[in-house]
Engineer: 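Dumping the structure here so I can ask a few things about it.
Any value given below was found using the heavy atoms of this structure, including those in side chains, with hydrogens, waters and symmetry copies removed. Convention: sequence-line order gives letters A, B, ...; per-chain numbering from 1.
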2 protein chains.
Amino acid sequence: MPTDLRRPERTFTIRQLCTEFKATPRALRFYEDKGLLTPARDGMNRVYSYKDRARLILILRGKRVGLSLQEIREILELYGEHDEAMTQNAHSLKKFREKIVDLEQQREDIEGAINELRTACERLEKHLAEKRPDLLPKAADYDQMLRARLDGHPELLGAK
Amino acid sequence: MPTDLRRPERTFTIRQLCTEFKATPRALRFYEDKGLLTPARDGMNRVYSYKDRARLILILRGKRVGLSLQEIREILELYGEHDEAMTQNAHSLKKFREKIVDLEQQREDIEGAINELRTACERLEKHLAEKRPDLLPKAADYDQMLRARLDGHPELLGAK
DNA sequence: GCGACTGTTGACGTTGACGTAAGGGGCATA
DNA sequence: TATGCCCCTTACGTCAACGTCAACAGTCGC
């Protein structure tokens, strides 16, 4: 399939990306300032390519897992130049390995935190059910919240 | 086993807890300022009980998963008074549910990030092996790093 | 030609989570 | 008695990641 391979020539305005990913123009410009994004220009205006959009997705995901913009930039740089400062890359490799260990630890932590929150919720629910059943929120709320998350952006759920 | 049940009367100085958990005195005092810890006093000096230590563990774990001190305090308060402002607790329940959804999303993100870092590492390793095998770090480093994490603080690995 | 909208570049403000420096007390060891 | 070391409080400084605001430019529809 030579044509339509990921809509290569498609471009985006800053606001399009912002509304798509619930970011702000200020944030995107900030990322650019920090070297994480380098959109083209049409006169003054920024023009984001499909690749820029992909980078933005990685940036936002990195943020959600607690990486700093600095760390995210290092990762992004890996997907660019391949024949540059090798010493630098050896350093990156080490840092990435450390980060993996970090993240595995963090995953453990999250499991623990989820469990704690769950039991805390159960306690609270039981307590409320006994004393103030009128205050109990409906299960529908939770459902709706979940659905809202899954809507619209399947690419945020672990896609490449 | 009535005696020695979790060494009940054991206490700690601020520095002991700091070195044990790699925190700083400033941080512990800060947590106290924000109402997350309330150690006893011996004159001016803080005296941390075993319970305080347990709370500190929860605080640090909360931080690692990205909870704000404010959120952590809410969770900790749940393990205390049980007959207080019920309206407040209904609110907490809602926030906890939201946080669980957040954390589940975050866990997904971490899975993805780990995978990306792994493939990035593989790439880099391959690239380095071809062009600059002298810069390749030894696998032993990684091992040692892992062991260092697991040492000393088994209670950090998801215990209650 | 005129809003309304969207875009731009500074520059300053804000929030959370501490760091750091200043000033002082308590106790032990040299 | 002086020198450390650890503790305390108060207060100002810092850093990341933006938010907010000002001041201005391009373009669309009428």
Side-chain angles (χ1 to χ4, degrees), chain A residues 11-49 52-53 55-77 95 99 102 106 109 113, chain B residues 11-49 52-53 55-77 95 99 102 106 109 113:
Chain A
T11 65
F12 307 83
T13 83
I14 193 170
R15 190 143 308 262
Q16 282 172 335
L17 290 186
C18 284
T19 60
E20 181 174 6
F21 299 112
K22 307 206 175 194
T24 67
R26 180 68 179 94
L28 297 211
R29 292 184 197 116
F30 187 74
Y31 299 152
E32 184 175 346
D33 222 53
K34 299 293 168 180
L36 282 84
L37 284 174
T38 46
R41 295 288 181 136
D42 172 18
M44 298 248 79
N45 294 11
R46 289 165 175 82
V47 179
Y48 295 89
S49 69
D52 291 322
R53 181 174 168 280
R55 286 170 78 91
L56 179 56
I57 291 176
L58 286 179
I59 293 172
L60 296 178
R61 185 150 96 191
K63 287 201 49 181
R64 283 199 302 273
V65 307
L67 301 183
S68 74
L69 295 186
Q70 161 70 14
E71 290 172 315
I72 294 172
R73 197 184 57 189
E74 289 178 38
I75 294 176
L76 288 176
E77 274 164 5
K95 290 192 61 178
K99 204 66 208 177
D102 262 16
Q106 207 177 325
D109 288 339
Chain B
T11 65
F12 308 84
T13 83
I14 194 170
R15 188 140 312 258
Q16 283 172 335
L17 289 185
C18 284
T19 60
E20 181 174 5
F21 299 113
K22 307 205 176 194
T24 68
R26 178 69 178 93
L28 298 211
R29 293 186 197 116
F30 187 73
Y31 300 153
E32 184 175 346
D33 222 54
K34 298 293 168 183
L36 283 85
L37 284 175
T38 46
R41 297 286 182 137
D42 172 19
M44 296 249 80
N45 294 10
R46 290 166 174 82
V47 179
Y48 295 87
S49 69
D52 291 323
R53 181 174 168 279
R55 287 170 78 92
L56 178 57
I57 292 176
L58 286 179
I59 292 171
L60 297 177
R61 185 150 96 190
K63 286 202 49 184
R64 284 199 302 273
V65 307
L67 301 184
S68 71
L69 295 187
Q70 160 71 13
E71 291 172 314
I72 295 172
R73 198 185 55 189
E74 290 180 37
I75 295 176
L76 288 176
E77 276 165 3
K95 289 191 61 181
K99 206 65 206 178
D102 261 16
Q106 208 178 324
D109 289 337

Engineer: Compare every heavy atom of B:P25 with every heavy atom of B:C18, then report the nearest pair and how far apart it is.
Structural biologist: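 Of all heavy-atom pairs spanning B:C18 and B:P25, the closest is SG-N, 3.3 Å.
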Engineer: Determine the minimum heavy-atom distance between A:L28 and A:A23, stating which atoms define it.
Structural biologist: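 What the structure gives for the nearest pair is CD2-CB, 4.2 Å.
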Engineer: To the nearest 0.5 Å, what is the distance between OH on A:Y48 and OG1 on A:T11?
Structural biologist: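 Answer for the OH-OG1 pair, A:Y48 versus A:T11, is 12.0 Å.
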Engineer: Measure CZ/B:F12 against P/D:dC7 and give the value in whole Å, please.
Structural biologist: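 It works out to 15 Å between those atoms.
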Engineer: Would you give the length of the straight line joining atom OH of A:Y31 to atom CG of A:L76, rounded to the nearest 0.5 angstrom?
Structural biologist: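 One finds 11.5 Å between OH of A:Y31 and CG of A:L76.
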Engineer: Rounded to whole Å, please give me the gap between CG in A:L28 and C1' in D:dA17.
Structural biologist: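 After rounding, the gap between these two atoms is 13 Å.
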Engineer: Which value, rounded to the nearest 0.5 Å, describes the distance between A:Q106 atom CD and A:D109 atom CG?
Structural biologist: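 It is 7.0 Å, given to the nearest 0.5 Å.
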Engineer: Where along residues 29-38 of chain A does a heavy atom come under 4.0 Å from DNA chain D, residue by residue in number order?
Structural biologist: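 Those residues are A:F30, A:Y31.
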Engineer: Does a side-chain N or O of B:T13 approach OP1 or OP2 of D:dC7 to a distance below 4.0 Å, or not?
Structural biologist: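 For D:dC7, OP1/OP2 do have a side-chain N/O of B:T13 under 4.0 Å.
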Engineer: Can you measure A:L56 atom CG to D:dA17 atom P for me and round it to whole angstrom units?
Structural biologist: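 Interatomic distance, CG of A:L56 to P of D:dA17: 15 Å.
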Engineer: Could I get the full list of side-chain contact (heavy atoms from CB on, under 4.5 Å) partners for B:E74, not counting sequence neighbours?
Structural biologist: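 B:Q70, B:S92, B:K95, B:F96.
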Engineer: Pairs under 3.5 angstrom only: tabulate donor-acceptor contacts from the side chains of residues 32-42 of chain A to other protein residues two or more places apart or in another chain.
Structural biologist:
from  : atom 1 : to    : atom 2 : distance (Å)
A:E32 : OE1    : A:R46 : NE     : 2.5
A:E32 : OE2    : A:R41 : NH2    : 3.2
A:R41 : NH1    : A:M44 : O      : 2.7

Engineer: Do A:D52 and A:R55 meet the salt-bridge criterion of a basic N to acidic O distance under 4.0 Å?
Structural biologist: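 No, no charged N to carboxylate O under 4.0 Å.
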Engineer: So, is A:T24 near the phosphate of D:dC18, with a side-chain N or O under 4.0 Å from OP1 or OP2?
Structural biologist: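 Answer is no, no contact under 4.0 Å.
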Engineer: Going by the rule salt bridge (charged side-chain N to carboxylate O under 4.0 Å, His left out), which residues pair with B:K63 if we only count those two or more places apart in sequence or in a different chain?
Structural biologist: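 If we apply the salt bridge (charged side-chain N to carboxylate O under 4.0 Å, His left out) test to B:K63, skipping adjacent residues, there are no hits.
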Engineer: Mind checking the CG-CZ spacing from B:L69 to B:F30? Nearest 0.5 Å is all I need.
Structural biologist: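 Those atoms lie 6.0 Å apart.
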Engineer: Could you identify which residues of residues 39-48 of chain A place a heavy atom less than 4.0 Å from some atom of DNA chain C, listed by residue number, or say none?
Structural biologist: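 Hits under 4.0 Å, by residue number: A:R41, A:M44, A:N45, A:R46.
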Engineer: Pick one: which of B:I72, B:D102, B:I59 meets side-chain contact (heavy atoms from CB on, under 4.5 Å) with B:L67?
Structural biologist: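 That would be B:I72.
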Engineer: What are the atom names and distances for every N/O pair under 3.5 Å that joins the protein to nucleotides 10-15 of chain C?
Structural biologist:
none

